[in-house]
Engineer: 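The structure is given below, and queries will be raised subsequently.
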Amino acid sequence: MVTKTEEAQLSRLESQVDNGGGGAWDFLCLVRKLKVRRSDKVLKHGLSLLKDPRKRSALGPDEWTLYEQVAIAAIDCHSLEVAKDCIKALQKRFPESKRVGRLEGMLLEAKGSWSEAEKAYSSLLEENPFDQVVHKRKIAMAKAQGNITVAIELLNKYLETFMADHDAWRELAEIYVSLQMYKQAAFCYEELILSQPTNPLYHLTYADVLYTIGGQENLQTAKKYYASTIQLTGGKNRRALFGVCLCTSAISQLSKGRNKEDNGTELQSLAATALEKDYKQRAPDKLQLLTSALKSLRVSS
Amino acid sequence: MAEELVLDTAIRDWVLIPLSVVMVLIGILRYFVSKLMRSSQVPDVKIVKEGQVIVRARNLRAAANFIPAKSFRARRFYYSNEENGLLFVPKGQSQNAQAQMFSDPNMAMDMMKKNLSMIIPQTLTFAWVNFFFSGFVAAKIPFPLTQRFRSMLQNGIDLSTVDVSYVSSRSWYFLNLFGLRGLFSLILGEENATDDTQRMMQMSGFGVDPTKSLGAEKDGLDIVQHDWALPKFEQRAESVLRKLVH
């Protein structure tokens, strides 16, 4: 997770570098540390660093880290020639390195020669079956080729061993959602909530999935998770506010007045008011739409 | 107050400086030797998986109240059922690390290599120092120290009347052995410093039985009382919104 101060620092450095104020290396270090995706900027500034022999030698051993970073950014931007040069330089320095082998696999992938990339990754895995990055590349490759079922299979196999890797769980959850396999997705989101119980995004998506599955019980649970999202975000998340309204109206439709004294109407009317207030402040011209939408849910206060 | 001892400059030239230089050189040599002998070991699938299972089970235990009761029960069953639960270790199958070490010659080999690179130079240099330099008063610390430091600074000199701020040659060896880490990290780079004390810790840490931690995790999971936290969240969300609206 990128914190707010880090983000501010990053954007400050980014604008400084863009306007020729120097500090390119600091910017690149920060990008690497935060693992953010700024491939175009990394490619531009990293390459200018690499092309200047004096600056490059000033980096010392970090030069090779920079080569790797620029190579990956170049692959992301599809400037394959640059990537090739970087990887060649790395290969010269570190022959038989697995890390460079990984980069070669990624280059093959970027060229679209799937079978060759597959072969490269497989040979890497033979040497070290616990290389998580290579496993993930293989999964990503299957997904990129459109073999979603293969990707799921590989991911499941991966998670069997590395079951504490929550990024993989998240990927699997998103794939399941895209395939409308909501029960499986719900399981993955539960796993994510377990690993980071105070991350409101997971609560929110879990609630979305439960709401989509439907049914009295799931709707009740979804509403609770929307509520927890509201609590964790301090009521700033509009999606959660809408979610509460939708859930309550869906529940009341399902129960058809069987148990009128539902205790959730309070929360729902509060959410509706909060939404109205928010719209009044930020988008007064769309308030009309909101009130009509809420009215159709019969939750307008 | 005892009279000042006058240290011969020849002691400085032939004991203090050679000793320090040799220690540094040996440290560097050892680094390169251990780098040569280091073999990349591939960890066992089972061990990697067990580590991951433990992390996941710990997450479940810590955050159990954040998922619905049904999901929690399903997971607990998955981890700790008596047939094929992930955390369940059948009796008798829990081989201890000692036995594992004997069954896997690679592991023993690795230990040997590590030990060789550590112990042999140490014994050799210690013998060397003892043989050539024993009994020298090699240096003087420019500030007075209490009696407690005597065993640390005057190892090898059994005189209680010598002022504590004098350092014997053998003690100088020990001070170098443990104190050169900062210098090594300067010469060899940050992570490469061979840290004896740390390595000794690793040695003693060896032999932890992973199956034991699995069992402990299972016991911990079995006694967790599931108390779903979400209904409380609903009320809290209400109060949050109330504050926001008004």
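No hydrogens, no waters, no symmetry mates; every other heavy atom, side chains included, goes into these values. Convention: sequence-line order gives letters A, B, ...; per-chain numbering from 1.
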Engineer: Quick one: which of A:Ala271, A:Ala240, A:Ala227 has the most heavy-atom pairs under 4.5 Å with chain B, could you say?
Structural biologist: A:Ala227
Engineer: Whether the A:Arg238 and A:Tyr279 side chains hold a donor-acceptor pair (N or O, under 3.5 Å, no angle test) is what I'd like checked.
Structural biologist: no
Engineer: Among A:Thr205, A:Thr233, A:Asp208, find the one that has a side-chain hydrogen bond (donor to acceptor under 3.5 Å, both in side chains) with A:Arg239.
Structural biologist: A:Asp208
Engineer: Between the main-chain N or O of B:Val224 and the side-chain N or O of B:Arg76, is there a donor-acceptor pair closer than 3.5 Å?
Structural biologist: yes
Engineer: Does any N or O in the side chain of B:Ser171 come within less than 3.5 Å of the main-chain N or O of B:Val167, such that one atom is a donor and the other an acceptor?
Structural biologist: no
Engineer: Check each atom of A:Lys277 against the heavy atoms of chain B and say whether the ones under 4.5 Å are side chain, backbone, both or neither.
Structural biologist: side chain
Engineer: Measuring heavy-atom distances to chain B, does A:His203 have an atom under 4.5 Å in its side chain, in its backbone, in both, or in neither?
Structural biologist: side chain
Engineer: Donor-acceptor pair, distance only, cut-off 3.5 Å: does the side chain of A:Asn218 make one with the backbone of A:Leu210?
Structural biologist: no
Engineer: Heavy-atom distances under 4.5 Å only: say whether A:Tyr206 touches chain B with side chain, backbone, both or neither.
Structural biologist: side chain
Engineer: Taking side chain as everything from C-beta outward and backbone as N, CA, C, O, which of these in B:Arg75 sits under 4.5 Å from a heavy atom of chain A? Side chain, backbone, both or neither.
Structural biologist: side chain
Engineer: Could you check which of A:Ala164, A:Ala186, A:Ala274 has the highest count of heavy-atom pairs closer than 4.5 Å to chain B?
Structural biologist: A:Ala164
Engineer: Which answer fits A:Tyr225, side chain, backbone, both or neither, if we ask what part of it has an atom under 4.5 Å from a heavy atom of chain B?
Structural biologist: both
Engineer: Using atom types as modelled and distance alone, determine if a side-chain donor or acceptor of B:Glu234 lies under 3.5 Å from a backbone N or O of A:Lys224.
Structural biologist: no
Engineer: Looking at B:Val53, B:Leu230, B:Leu244, B:Val240, which one has more heavy-atom pairs under 4.5 Å with chain A than the rest?
Structural biologist: B:Leu230
